[in-house]
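First the structure, in the form of structure tokens, and then the observations on it.
Computation of the quantities below employed the complete heavy-atom set of this structure, encompassing side-chain atoms and omitting hydrogens, waters and symmetry-equivalent molecules. In what follows, chains are A, B, ... by sequence order, proteins preceding strands, each numbered from 1.
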There are 2 protein chains.
Amino acid sequence: MALSPAVEDTLKAIYHLQQEVSPPVSTSDIAERLDKAQATVTSTLDRLEAQGLIAREPYQGSELTDDGKTVAVEVLRHHRLLETYLAEYLDYPWEQVHEEADRLEHHISEEFERRLAEKLENPRRDPHGDPIPGKDLEPPNQNPATPLSACEVGDRVVITRVSDRDEDDLAYLADVGITPGTDVRIVDVAPFGMITLEVDDTEQAVPEGVAASIRVTVLNHDDPANAEQRGDA
Amino acid sequence: MALSPAVEDTLKAIYHLQQEVSPPVSTSDIAERLDKAQATVTSTLDRLEAQGLIAREPYQGSELTDDGKTVAVEVLRHHRLLETYLAEYLDYPWEQVHEEADRLEHHISEEFERRLAEKLENPRRDPHGDPIPGKDLEPPNQNPATPLSACEVGDRVVITRVSDRDEDDLAYLADVGITPGTDVRIVDVAPFGMITLEVDDTEQAVPEGVAASIRVTVLNHDDPANAEQRGDA
DNA sequence: ACCCCTATTTAGACCCGTCAAATTTAAAAA
DNA sequence: TTTTTAAATTTGACGGGTCTAAATAGGGGT
């Protein structure tokens with residue numbers, strides 16, 4: 001009854017892809033995200049379908065069932081609780097928590113999860129600003145925050161989330177002070193190139209590719225609608 | 001290069017058996033300890049030998065090589081650091097730490113191990129009184145402590161170690177106050193039956209089987225030789 | 001309506017971990 | 001020495017997870 005890391009990882013990949021592109025997710029997208037051969041993914045997908053965790057139309061794509069989504073969200077909860085705990089209680093540097101959590105998330109017990117959440121007092125965001133699903137396993141609603149790459153010169157924004165997938169990028173961003181909750185002003189946008197920011201009274205340049213994975217809340221045209229989404233580090 | 005849980009568990013089993021019986025360890029003893037079929041163990045042993053982790057004479061038994069011993073001790077270090085951390089920082093009850101540590105020991109990184117040891121200030125004993133190997137991975141020398149079942153009426157002893165392998169026994173012992181470091185007096189030994197102890201001014205009976213897995217240091221004939229082996233909880 | 005390209009699946013292979021059943025070995029008993 | 005018995009290995013099976021290479025399906029173009 002216990003699911004293997006391979007199965008959980010595949011479910012997680014589908015979950016993430018589902019909220020980037022609309023539901024039926026392609027086999028090759030999953031394979032790319034997992035860094036596995038397509039044939040590997042096809043066979044895993046077969047097993048997943050047999051267990052009722054995904055719905056699948058050959059050649060068309062896959063979609064999580066409710067059961068599958070619950071599993072994915074539970075793994076996500078493990079991941080983000082672990083990241084938060086590692087950063088907060090074991091002093092892990094920001095950019096290292098992801099890798100460790102990615103292994104451990106498959107092996108902790110319900111008990112461990114409970115105690116982690118308790119120690120952290122049921123945190124709602126992980127160190128990258130991503131929402132942590134509650135113990136009810138409701139999928140956190142993905143407020144479609146603006147990517148930094150879509151901002152304009154002069155905007156004042158608060159960083160809300162930073163993708164946790166590249167260690168080097170994260171180390172750089174942490175170094176220059178771009179972390180969830182930070183207040184930033186867009187100084188310059190070079191077409192197809194760097195975005196220059198003012199952060200903590202210094203200027204920092206961020207390549208467009210990286211900027212695309214940073215989500216922000218825009219502050220300048222004082223919009224009270226999404227005021228509550230601010231990071232809370 | 002990363003070793004699987006099955007491989008690490010087998011190495012650990014051989015390590016433990018080697019210090020209970022003299023070196024060449026039988027396949028069936030390993031199988032029994034791991035609760036696996038003998039055929040399973042035989043095939044794992046073949047792989048272990050191919051990797052130079054054990055030396056093996058078919059039909060005669062297996063023995064860890066230096067490499068194999070190092071792996072076993074590293075896993076043991078993970079296990080006991082985890083047990084200590086779970087008990088101390090996550091408030092796990094005594095009898096539950098073993099099971100959780102038994103899974104996680106295979107999945108934590110060197111970094112995690114380091115940080116655990118650091119937070120705990122390089123502890124030398126785990127919650128059951130077992131010695132924690134240092135980061136040099138020297139096998140902790142197994143001081144051949146007396147089993148409680150070998151004590152005589154009137155002996156005053158200090159509990160030094162309690163086997164962590166049975167949850168129910170542990171829960172009971174914790175409940176009546178028999179934990180490493182506790183000072184105890186043997187009140188009665190019924191032949192083939194119960195051993196009655198005085199602990200914290202109450203009397204407690206312990207079945208012989210359980211008593212065999214409790215190690216103690218005898219105090220009554222004031223023997224200064226092993227005075228330094230006292231538990232330190 | 002046909003062709004082509006790319007995404008996808010199939011086929012076939014391999015290793016790990018697991019087991020039950022059959023066989024072999026070694027050691028003890030007769 | 002022969003027989004018996006217990007332990008250990010071998011055989012053959014199966015599922016998971018992985019891959020490369022071959023076949024095939026679908027969705028454009030022309």
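Within 4.0 Å of B/T44, counting heavy atoms only, lies no atom of the nucleic acid at all. Note on A/T42: a base of the nucleic acid sits closer than 4.0 angstrom, heavy atoms only. Using a 4.0 Å heavy-atom distance criterion, A/A39 is classed as a base contact. B/T40 comes within contact range of at least one nucleobase, with a heavy-atom separation under 4.0 Å.
Close to C/dA27, at under 4.0 Å from its OP1 or OP2, lies a side-chain N or O of B/Q60. Contact check, B/K36 against C/dC19: no side-chain N or O comes under 4.0 Å of OP1 or OP2. At C/dT8, none of the side-chain N or O atoms of A/R56 fall inside 4.0 Å of OP1 or OP2 (strictly under the cut-off).
Rounded to whole Å, atom P of C/dC16 lies 18 Å from atom NE2 of B/H106. Across the protein-nucleic acid pair, B/Y59 atom OH and C/dT23 atom P stand 13 Å apart, rounded to whole Å. Separating the CD atom of A/E32 from the C1' atom of C/dA7 is a distance of 13 Å, rounded to the nearest angstrom. Rounded to whole angstrom, the span from the CD1 atom of B/I30 across to the P atom of C/dT18 amounts to 14 Å. Taking atom CG of residue B/D9 and atom P of nucleotide C/dT18, one finds them 9 Å apart after rounding to whole Å. To the nearest angstrom, P of C/dA22 lies 16 Å from CD of B/Q38. For the pair A/L45 CG and D/dT18 P, the interatomic distance rounds to 13 Å; values are reported in whole Å. Between the P atom of D/dA8 and the CG atom of B/D46 lies a distance of 14 Å, rounded to the nearest Å.
Of the two residues near DNA chain D, B/T27 and A/P58, the one whose nearest nucleotide lies more 5' is B/T27. When the nearest nucleotides of DNA chain C are assigned to B/Q51 and B/D35 by heavy-atom distance, the more 5′-ward of the two goes with B/Q51.
Looking only at atom types and distance, the side chain of A/D126 has no donor-acceptor partner in the side chain of A/H79 under 3.5 Å away.
Between B/E110 and B/R114 no salt bridge is recorded (no basic side-chain N to carboxylate O distance below 4.0 Å). Salt-bridge check for B/K12 with B/E8: failed, with every basic side-chain N at 4.0 Å or more from each acidic carboxylate O.
Of all nucleotides listed (C/dC16, D/dA8, D/dT18), D/dA8 comes nearest to the side chain of B/S28. Checking C/dT8, D/dA8, D/dC19 against the side-chain heavy atoms of A/A37 singles out D/dC19 as nearest. Comparing C/dC19, D/dT18, C/dT9 against the side chain of A/S43 picks out D/dT18 as the nearest.
A distance of 4.0 Å separates NE2 of B/H78 from CD of B/E113, quoted to the nearest 0.5 Å. Note that NE2 of B/H107 and CG of B/L82 are 11.0 Å apart. Values are rounded to the nearest 0.5 Å.
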